[in-house]
Amino acid sequence: MEHKAKAVAVLLAATCVFSIIALILTVVNVKDVFLPPSTKYGLVFDAGSTHTSLYIYQWSADKENGTGIVSQVEACAVPGPGISSYADNPALAGASLKPCLDKAMMIVPAKLQRETPTYLGATAGMRLLREQNSTKADQVFAEVAKAIRQYPVDFRGAQILTGNEEGSFGWITVNYLLETLIKFSFAEKWERPQATEVLGALDLGGASTQITFQPGGTIEDKNTSVLFRLYGTNYSLYTHSYLCYGQTQALKRLLAALREGSSSPLRILHPCYPKGYQENTTTAALYDSPCVPTPSTPSTAEALTVTGTGDPVACRAAIQKLFNFTCGAHRTCGFNGIYQPPVRGQFFAFSGFYYTFNFLNLTGQQSLGYVNSTIWAFCNNTWKELVENFPQDKERLHMYCSTAVYILTLLLEGYKFDEHTWSSIHFSRRAANTDIGWTLGFMLNLTNMIPTEALVYVKGQQPGLWASAIFFIVLTTVVGLVAIFLQCFWKSK
Ligand SMILES: *[C@@H]1O[C@H](CO)[C@@H](O)[C@H](O)[C@H]1NC(C)=O
Ligand SMILES: *[C@@H]1O[C@H](CO)[C@@H](O)[C@H](O)[C@H]1NC(C)=O
Ligand SMILES: *[C@@H]1O[C@H](CO)[C@@H](O)[C@H](O)[C@H]1NC(C)=O
Ligand SMILES: *[C@@H]1O[C@H](CO)[C@@H](O)[C@H](O)[C@H]1NC(C)=O
Ligand SMILES: *[C@@H]1O[C@H](CO)[C@@H](O)[C@H](O)[C@H]1NC(C)=O
């Protein structure tokens, strides 16, 4: 009789232990407790006008709706020029991507490759090629898509971004990385930072330049307006992309304009190139882009000599002539009659803006006066002095004066920054260990990683589940051990 009661007690205890464990395993997802949060990867090719890069991003799958979650693992520079340069030999455009795809396959674990979203976005270089000959643009796209499809990734297509998309995605990247949209607050939840204003974005590529910011008033021209709803907040942004005002194309147009104004059309004097510098080019190379107006006197392929005169006053005057600063019908404008409200708030200036200013050591928030005089002094260097002082930069050295003067003219007279608003421009390449550019914003949008509505879940949930799971496991083990001990104790008695 007594034995039977003991057996029942043991059975009851065991049932109790097992049902508690079963309960815990159902309440707490087994995967959450026993596996580390899984990592996801994403690949984005930035096919620019002068070169292509592959960005490899990673994030942890259980947090993907927050901000500041995605980080860059690697930026792989594709060897050779931009894909639009392969217009006459499109197969090579595809082949050029392979070294970076191979590298990505070494980084993304094999079991995650098939679910890794992969995109190729092309910007102004391909916009120009499509304008010149859309058949050639299609052929280049067919070849790059073919090359990417040979890899076991989730390829979601190659596309040309519009200028507005390029500007908007750059803006999303900046504000995502700097966590100005939402931030994990002290109250243990995602909140819109109260005192923080969103940041503007200034991008300078090879063939186009973009300005994107949240203006103070309404946007008068619909073509320059984009609306987003991100994390439950509406943003009304101004954005415009100026095609042919990227640094490579702008400097090509400068050379063509100098040639037009030159008395001997085969010998061009260049006030932005250092004194003592000389280079040879051809009319064919100069007029190969739709950005460069065909010469008033047509010429066959001819050799040109370009000689630097190192004259910053003349350089500035020649660069100003690339712009039309008359506003026309609009009350306020950028340039070439494009509507633009007055700049407002803090700005991040990246890509081309950063590279030239970094070379000149001007990314430290220096005053406009200091920046001006530094550029002026740099432009007065002779070629011999420059080569002596910066032997490791020889390839690009002759261009820094032109690009620096171009950047100043674009920011001050084009985008209308002045000595007061100048200090709100931050020249930066990276934020949160990630390169600033349109690619991250593009991937976030296409993978729906930025919800339109506010986040409700609490970030600290996961560790909480862990703690309670471990607590209950320990508790049930103890209960089980006590039951076994009691049984043995009674038995021996
Ligand atoms: C992210 O947001 C989407 C839609 O708002 C939702 O379906 C998804 O479960 C969320 N993911 C996480 C990890 O919270
Ligand atoms: C565009 O390129 C295709 C293929 O290279 C060529 O056959 C065609 O003649 C070109 N069209 C124009 C207008 O140049
Ligand atoms: C400059 O822009 C204004 C307004 O858009 C236009 O009326 C004028 O003709 C332009 N000037 C030149 C030289 O293109
Ligand atoms: C920038 O600073 C570095 C380190 O101080 C110096 O070596 C270099 O010459 C500077 N560059 C220019 C363009 O002045
Ligand atoms: C982001 O993607 C959605 C569709 O998923 C689209 O409607 C929206 O316009 C995109 N945003 C931008 C800036 O392109």
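As the structure is a computational prediction, the values presented were derived from the model and not from experiment. Both ligands and their constituent atoms are indexed starting at 1 by order of listing.
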Shortest protein heavy-atom distance from [atom], along with the residue and atom involved:
atom                    : answer
atom 5 (O) of ligand 2  : Lys136 CE, 3.5 Å
atom 13 (C) of ligand 4 : Phe359 O, 3.3 Å
atom 4 (C) of ligand 4  : Asn361 ND2, 4.6 Å
atom 9 (O) of ligand 4  : Phe390 CE2, 3.5 Å

Shortest non-hydrogen contact between Trp171 and Gly200, atoms and distance: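 Looking at all heavy atoms of both residues, the shortest contact is CD1-CA, 4.2 Å.
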Can you tell me if [X] has over 12 outside heavy atoms packed within less than 6.0 Å of its [atom1]?
X      : atom1 : value
Arg229 : CZ    : yes
Asn389 : CG    : yes
Tyr370 : OH    : no

Asp88, Thr135, Asp138, Asn133: member with heavy atom nearest to atom 10 (C) of ligand 2: Asn133
Heavy-atom proximity to atom 3 (C) of ligand 3, best of Asn324, Ile338, Asn336: Asn324
Salt bridge flag under 4.0 Å for residues Arg156 and Asp154: yes
Cysteines Cys379 and Cys401 with SG distance under 2.5 Å: yes
4.0 Å protein heavy-atom contact status of atom 1 (C) of ligand 4, strictly under: yes
4.0 Å protein heavy-atom contact status of atom 7 (O) of ligand 2, strictly under: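 Given the 4.0 Å cut-off, atom 7 (O) of ligand 2 does not count as touching protein heavy atoms.
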contact_flag Phe378 ligand 4 heavy-atom lt 4.0 Å: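 No, that is not the case, since the closest heavy atom of the residue is not under 4.0 Å from the ligand.
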Ring center gap for Tyr406 and Phe323 short of 6.0 angstrom: yes
